[in-house]
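In what follows, chains carry the letters A, B, and so on, assigned in the order in which the sequence lines appear, proteins first and then strands, with residues in each chain numbered from 1. Since this is a predicted model, take the numbers as computed values, not measurements.
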There are 2 protein chains.
Amino acid sequence: MAATIKDVARESGVSVCTVSRVLNNTYRNKVSEETRQRVLDVSKKLGYRPSLIARGLKGKTTNLVGLVVPDIAASFVANTLMGIQSVAEDYGYSILVYATLGNPQKDIDYLRILQEKRVDGILWLPLNQPIHEVFEEVANDLHVLQIYNHLEGLKAPALLVNQFKGGYMATDYLIKKGHQRIAHFSAANVTDMHGVQRLTGYKEALKTHNINPDEQIIIETGYHWDGGYKAAERLLKLPAKKRPTALFASTDMVAWGAIKRFKQAGLSIPDDIAVVGYDDIYIADKIDPPLTTISQPKEKLGQVAMDIMLQAISGEPMTSMLFDPELIVRCSS
Amino acid sequence: MAATIKDVARESGVSVCTVSRVLNNTYRNKVSEETRQRVLDVSKKLGYRPSLIARGLKGKTTNLVGLVVPDIAASFVANTLMGIQSVAEDYGYSILVYATLGNPQKDIDYLRILQEKRVDGILWLPLNQPIHEVFEEVANDLHVLQIYNHLEGLKAPALLVNQFKGGYMATDYLIKKGHQRIAHFSAANVTDMHGVQRLTGYKEALKTHNINPDEQIIIETGYHWDGGYKAAERLLKLPAKKRPTALFASTDMVAWGAIKRFKQAGLSIPDDIAVVGYDDIYIADKIDPPLTTISQPKEKLGQVAMDIMLQAISGEPMTSMLFDPELIVRCSS
DNA sequence: CTGTTAGCGCATTCAT
DNA sequence: ATGAATGCGCTAACAG
C-alpha cells in the first residue's frame, strides 16, 4: 500500500541505504547534491513516509508513552492529559490512552498490552487495588510512573498532590475565618485514597486548633452533587446549636449540591454557612456564590510527569514528587 | 532488556518457530504437549511478552487508531473518546491521542505522524481550515474518518450530528411554547461550523412559523459563560416591548451566563424569559433552574466511529452518517 | 560518495 | 512434531 524505502530506492536508482541517509540527513554532505535532490523528489512524488514502527523495531525506543487512567472524561484527567500531550509533542512522543473505568482487571490488561506495544514508559493513575504482581513484572521491563495515587508497598516513583495538605489548608482557612464548628463531607472510599487523606488533613487542622472533631457532622457523601445535597439535608435537621457554621466538602460537586440545599432552606452563603470545595473544576467560579476551593496543578502535573518520563527514558533515574495544592478564595467562604 | 522470542527458544531448547507456534496456538496439537508446557513455563519464567511492534512490521495491521481533536479537555471530546475506547478495547485496538488546540499546522503534523506510525486509521475532528492537500495524501494511504465536523470539498466520510436540526428543534420548541420573540446567542465563528448551522436552524424555524428574525436579538457571544452574561446585559437594555421572552443559546455555558445575568436583573426563569441551551454538559441539570438543552450522542458517536473504522480496516467501505440531536426538556423553558 | 550486509522480533512457508 | 530460512522496513557498520 504505502510506499517503502525500497520503492524510493528503486525509482531513483540508488540503494536503500542512500535513501535512508538523505532522508535522515545522516553524514551530512556525504551525498552528492544531485543524488540528494533526486531522492527527495522521488520520495515526495511517491508520497513516501518512513515507517516509525520499522524504526522502532530496529532502534531502542518507540517514542510511545502509555497513559492508563480510570476515566478520561473526569475533568482533571483530561486536563492532565493536555499537559502530558503538550510536552510529549515537543519531543516527538505520542500518547496511547486507556481508560479502566475502575476495573482492576483492566489495569492489568492495559499494562500488559502497553508492555507488548513496547512503549518507552507508562504513566499510570492507579486505584487502590491489588495488582502488585503484574505491576512488578511490567515495571521491571519499562518505566512506570504513578500519578495522583500510589499503591501502598510499590517501590515505584509517584507524582502526587498533597491531599492531606489540601484538607488541612481548607479547614485551617475556615478556622482562621473564625469558624469553630466545621462539617466535612467526605469521599473516603477504599479505592481512591484522596478522600481519606483530605479527611485526615481536616481532622489534623481541627486538632491543631484544639477543636474536637464531631462525627455527627462528618458525613460520607461520595463524589457527586446528589451526595452533597442529601448530606446538607441531614445537617439542616440538626438542632440549631449543633449546626455547623462552615462546611469543607471533598469535591466541588458535593459542595455545589450542598450549597443548593442550603439556599433552598433559606440560608445565605457564606453568612449563614461558609463552604469550601475541592478540585477547582472549571465551573467553580460560575457557581452562585463562586466557590472557594482547593486547586490542584493538573496540567502542570501532566507536564512534569512527561518530563520525568522523558528523563527516565534517556537513562536518568525517576524521582517521586509531591505537589502542593492551592487555596482559591472566592465568595462562598 | 525485555526477553525476546529467541531467549525463550534458547532457554527451552527449541526453535524460535516452535515458540511462536505454542504462544499463538497455531497448528493446534501439532506441538507435543511436553514441549508445549516447557515453552509455556520458560516463557512465563522469563516474563516474555511478544513485541507487538515486530508483529506490526511483519503483518499488515498495527492495531492502532489515531484520534486528532482540537482539545481533549472539551467535555464532549472526552466523552467521545470514552466511546471510542470502549469498542477499540473489545477488538484489541489502541488509541493514539493528539490535541491540536485549533492550530491547523498541528493537524498537518499529527496526520503525518500518524501516517508514519502506520496506524490503521485516523478519527479526525477537523476545524474549518485549509489543509486539504495534506489530508488527501494521508487519506490516500489510510482510512480517515471525520467526526463532528467535515471539511468542505473533502471526499471523505464524516460522522456528524445534525446541528441545523438541533437549532431548529430548540427554536421550534420555544415557538410552540408560545414564544414569538426569541433571541439567539450564537457562536458562529469560521473555524467551527456548528455555530452557524445552529443559527441557520434557528432562522429556519422562525421562518417556518412566519416570524421575522430580528438581528437586534441575534448576538455573537462565542462559547463561554462570559459571552452569555454580557449579551444578556445587552438584551436587558432593550425597551420592554423589544425584549425577547425566550432565548436559544448556542452553548450551555453561554445559556448559564445569560441566566445568571437575568436573575441578577430580577427576572425569573422561565416565566419572564425561557432559556434553552446546547450540549447538555454534565452539569446542565444542576444549573438553577435545570437547563433545557439539546443533547448530542457523544459516547454513541465515538462507538459508531470506531465501529465504522474497524469495518473499514477489514476492507469494507466507510459510510457517512448523520446523527440526530435530542431535546432535553428541563425547567428553564 | 555510494552500495552490501546484517540484524531488530516475529510469523510463515517449506523442509525434514 | 520440529527446525531452517525468509522477509517485513529500516538503520548502521563496513566496504569499496
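When the nucleotides dC10(C), dT2(C), dA12(D) are ranked by their closest atom to the side chain of Ser32(A), dT2(C) comes out on top. When distances are taken from the side chain of Ser20(B) to each of dG9(D), dT11(D), dT12(C), the shortest belongs to dT12(C). Closest to the Cys17(B) side chain, of the nucleotides dT12(C), dC8(C), dC10(C), is dT12(C). Listed candidates were dG3(D), dT11(D), dT2(C). Nearest to the side chain of Thr35(A) is dT2(C). For Thr18(A), counting side-chain heavy atoms from C-beta on, the closest listed nucleotide (dT11(D), dT2(C), dC10(C)) is dT2(C). Distances from the side chain of Ile5(B) to the nucleotides dG9(C), dG3(D), dC10(D) place dG9(C) closest.
In summary, the side chains of Gln115(A) and Glu137(A) do not present any donor paired with an acceptor at a separation below 3.5 Å, with no hydrogens or angles considered. With no hydrogens or angles considered, a side-chain donor-acceptor pair links Asp109(B) and Gln105(B) at under 3.5 Å.
Nucleotide dC8(D) holds its C1' atom 15 Å from the CG atom of Leu52(B), rounded to whole Å. Between the CZ atom of Arg38(B) and the P atom of dT2(D) there is a distance of 8 Å, rounded to whole Å. When the C1' atom of dA12(D) is taken as reference, atom CG of Leu57(A) falls 14 Å away, rounded to whole Å. Taking atom CD1 of Ile53(B) as the reference point, atom P of dA11(C) lies 13 Å away to the nearest angstrom. Distance Asn63(B) CG to dA11(C) C1': 15 Å, rounded to the nearest Å. The distance from atom NZ of Lys6(B) to atom C1' of dG7(C) is 7 Å, rounded to the nearest whole Å. Leu23(A) has its CG atom 13 Å from the P atom of dA12(D), to the nearest Å. The CG atom of Asn24(A) sits 7 Å away from the P atom of dA12(D) (whole-angstrom rounding).
Contacts of Arg49(B) with the nucleic acid, taken as non-hydrogen atoms under 4.0 Å apart, involve only primed sugar atoms and P, OP1 or OP2. Residue-level contact check: Val14(B) touches the backbone only, with heavy atoms under 4.0 Å from sugar-phosphate atoms and none from bases.
Salt-bridge check for Glu11(B) with Lys45(B): passed, with a basic side-chain N closer than 4.0 Å to an acidic carboxylate O.
Residues Val16(A) and Gly13(B) each lie close to DNA chain D; by heavy-atom proximity, the contact nearer the 5' end of the strand is made by Gly13(B).
A donor and an acceptor atom never sit less than 3.5 Å apart when one is taken from the side chain of Lys58(A) and the other from the base of dG9(D). The base of dG3(D) lies close enough to the side chain of Arg21(B) for a donor and an acceptor atom to sit less than 3.5 Å apart.
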* Verdict with supporting geometry, Trp124(A) and Tyr110(A), ring-ring contact (aromatic ring centres under 6.0 Å, His included) -> CA-CA 10 Å; Trp124(A) 184 33; Tyr110(A) 292 150; over 10 Å; no
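Between Leu67(A) and Val65(A), the closest side-chain pair of non-hydrogen atoms is not below 4.5 Å.
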